[in-house]
Protein chains: 2
Amino acid sequence: MADTTLAGPSAAATAGSKSEQAYHAVKKQIVDGTYSPGYRLVLAKIAEDLGVSVVPVREAIRRLEAEGLVTFERNVGATVAGIDPTEYLYTMQTLSIVEGAATALSSPLIGPDDIARARSVNEEMRACLEHFDPVRFTRLNQDFHSVLFENCPNPHILDLVHRGWNRLASLRSSTFRFVPGRAQESVEEHEALLQLIQSGADAADIERAARLHRSATLDAYLSQTKNI
Amino acid sequence: MADTTLAGPSAAATAGSKSEQAYHAVKKQIVDGTYSPGYRLVLAKIAEDLGVSVVPVREAIRRLEAEGLVTFERNVGATVAGIDPTEYLYTMQTLSIVEGAATALSSPLIGPDDIARARSVNEEMRACLEHFDPVRFTRLNQDFHSVLFENCPNPHILDLVHRGWNRLASLRSSTFRFVPGRAQESVEEHEALLQLIQSGADAADIERAARLHRSATLDAYLSQTKNI
DNA sequence: AGATATGAAATCGTATACGAACACTAGGTC
DNA sequence: GACCTAGTGTTCGTATACGATTTCATATCT
């Protein structure tokens with residue numbers, strides 16, 4: 001299965017350093033929800049928990065800030081970044097663009113076995129709809145697209161996709177939970193996308209489909225909030 | 001005129017801090033070419049030059065690393081990042097995507113006065129062709145697109161555009177210099193793009209045109225290197 | 001001579017320490 | 001009672017110090 005730990009930023013240089021360790025530790029806890037949005041990240045406390053000094057922790061926090069996972073205020077401190085409706089819109093819109101591009105760029109390199117694997121993941125997602133397992137659903141959704149992106153010829157774009165996913169992590173399964181029916185649609189769109197790729201469709205058509213797949217989720221959210 | 005100092009990353013939080021000062025100072029010198037690719041960035045030396053200690057400098061360097069402007073190797077140090085043909089391809093491809101999207105998203109908000117300003121910049125660019133002033137040409141090129149992006153409704157995408165531009169800064173005017181005729185084409189494409197926007201064309205058409213405008217430069221480079 | 005080992009110099013990575021800025025409470029004043 | 005003010009505690013920002021690692025030059029061995 002594709003590794004959805006979500007590779008760090010382009011800069012993974014200093015592996016093994018305490019700063020690196022702190023970065024991964026804090027990131028993990030943000031992405032998996034241990035630290036919720038708004039949680040106050042006190043340098044000294046994190047340093048003590050990890051058994052290191054504040055300097056590497058500070059560096060780690062600043063890196064997470066650059067990725068949008070924490071917000072930093074001078075002389076005040078860091079808090080786990082939430083994602084307000086505006087930020088959500090920006091992030092989803094950007095994701096629709098970069099995911100569309102990543103899918104289109106990868107499509108010529110996607111083989112029958114990849115299609116089969118992706119389809120199998122999608123069927124698992126369908127099963128999640130029955131059991132109502134939104135957390136697993138979200139994870140499988142990333143797996144699905146990760147399979148398609150495995151051979152993406154442009155790592156920069158892939159990196160942007162991963163950043164967007166991390167940015168959305170604080171929402172967990174909210175779109176799944178709050179927009180009923182969207183998850184079902186999503187599974188169908190996945191299948192349609194696979195067939196499009198399988199049929200050797202034009203890259204532009206694949207890009208459009210992949211982009212719409214993401215923006216439909218955004219639209220579903222927008223139209224719902226408008227109706228309330 | 002549009003400010004092409006190229007806004008920093010989303011995180012401009014700690015304005016006024018020494019770390020911030022160091023960040024801007026080093027970034028400026030990388031972007032304007034004072035530090036060429038491969039230049040060894042020694043923390044202690046930069047710290048002394050700026051009159052601060054190494055800790056904030058280190059933080060600044062790590063931020064620049066995250067933006068791809070410097071490469072960092074553990075226990076060895078930082079060097080100004082070069083851009084090899086592969087990186088160039090990745091960056092240009094990504095730029096074509098995000099610039100295309102930024103242009104399309106901005107287009108409904110571009111008014112007649114914006115068009116006029118952009119056209120005036122483009123005419124300056126045309127003049128640069130006569131005087132053969134590649135550095136100014138590159139700068140004006142950014143100005144041109146900055147005018148179009150001024151009202152971009154998605155700051156995330158704009159940020160990606162700026163990052164790409166910074167990343168290419170180390171090349172200076174190489175595309176202009178090495179692909180004769182491309183600059184001329186570029187000016188013509190700008191004018192065509194303006195007319196497309198002015199005519200109220202479909203966002204999809206505008207996006208395609210803007211994307212091709214960037215990828216044509218990449219293609220020109222690729223076909224030239226192939227011929228050698 | 002070429003390759004390998006050894007030492008010194010340079011540079012990084014992190015701990016510790018301390019001054020500075022902010023938040024919050026308590027007390028006083030109108 | 002509401003508002004302002006002083007004081008205290010918390011947390012950040014940066015300087016300094018030192019051990020760890022790499023690099024480079026020199027010496028030694030085959």
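Quick note on labels: first sequence line is chain A, next is B, and so on, each numbered from 1.
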> Pick the nucleotide of DNA chain C nearest each of A:G51 and A:V76; which residue has the one closer to the 5' end?
Replying inline: A:G51
> So what does A:I61 touch, heavy atoms closer than 4.0 Å: a base, only the sugar-phosphate, or nothing?
Replying inline: nothing
> Under 4.0 Å between a side-chain N/O of B:K18 and OP1 or OP2 of D:dA15, yes or no?
Replying inline: yes
> Can you tell me how far P of C:dA15 sits from CD of A:Q21, to the nearest Å?
Replying inline: 10 Å
> Given atom OH of A:Y23 and atom P of C:dT14, what is their separation to the nearest angstrom?
Replying inline: 16 Å
> When the distance from CG of B:N75 to P of C:dA9 is rounded to whole Å, what number comes out?
Replying inline: 20 Å
>> Nearest to the side chain of A:R58, heavy atoms from C-beta on, is which of C:dA15, D:dG13, C:dT11?
In response: D:dG13
>> Without decimals, in angstroms, what is the distance between A:L41 CG and D:dT10 C1'?
In response: 16 Å
>> Can you measure A:E48 atom CD to C:dT16 atom P for me and round it to whole angstrom units?
In response: 12 Å
> Does A:V55 or B:A44 map to a spot on DNA chain C nearer the 5' end, using the closest nucleotide for each?
Replying inline: B:A44
> Should the ring pair A:Y39 and A:Y35 be called parallel, tilted or perpendicular, given that the plane angle runs from 0 to 90° and is split at 30 and 60?
Replying inline: parallel
> Atom OH of A:Y39 to atom P of D:dT11: distance rounded to whole Å?
Replying inline: 11 Å
> Is any NZ, NE, NH1 or NH2 atom of the basic residue among B:R62 and B:E67 found under 4.0 Å from an Asp or Glu carboxylate oxygen of the other?
Replying inline: no
>> I want to verify a distance call: between D:dT22, D:dT14, D:dA15, whose nearest atom is closest to the B:S17 side chain?
In response: D:dT14
> Aromatic rings A:H190 and A:H145: how do their planes relate, parallel, tilted or perpendicular, breaks at 30° and 60°?
Replying inline: perpendicular
>> What is the distance, to the nearest angstrom, from the CZ atom on A:F72 to the C1' atom on D:dG13?
In response: 9 Å
> Rounded to the nearest 0.5 Å, how far does CZ of B:R58 lie from OG of A:S19?
Replying inline: 6.5 Å
> What is the distance from CZ of A:R74 to P of C:dA20, rounded to the nearest Å?
Replying inline: 13 Å
> In Å and rounded to the nearest 0.5 Å, what is the CD to CD1 distance from B:E207 to A:I97?
Replying inline: 6.5 Å
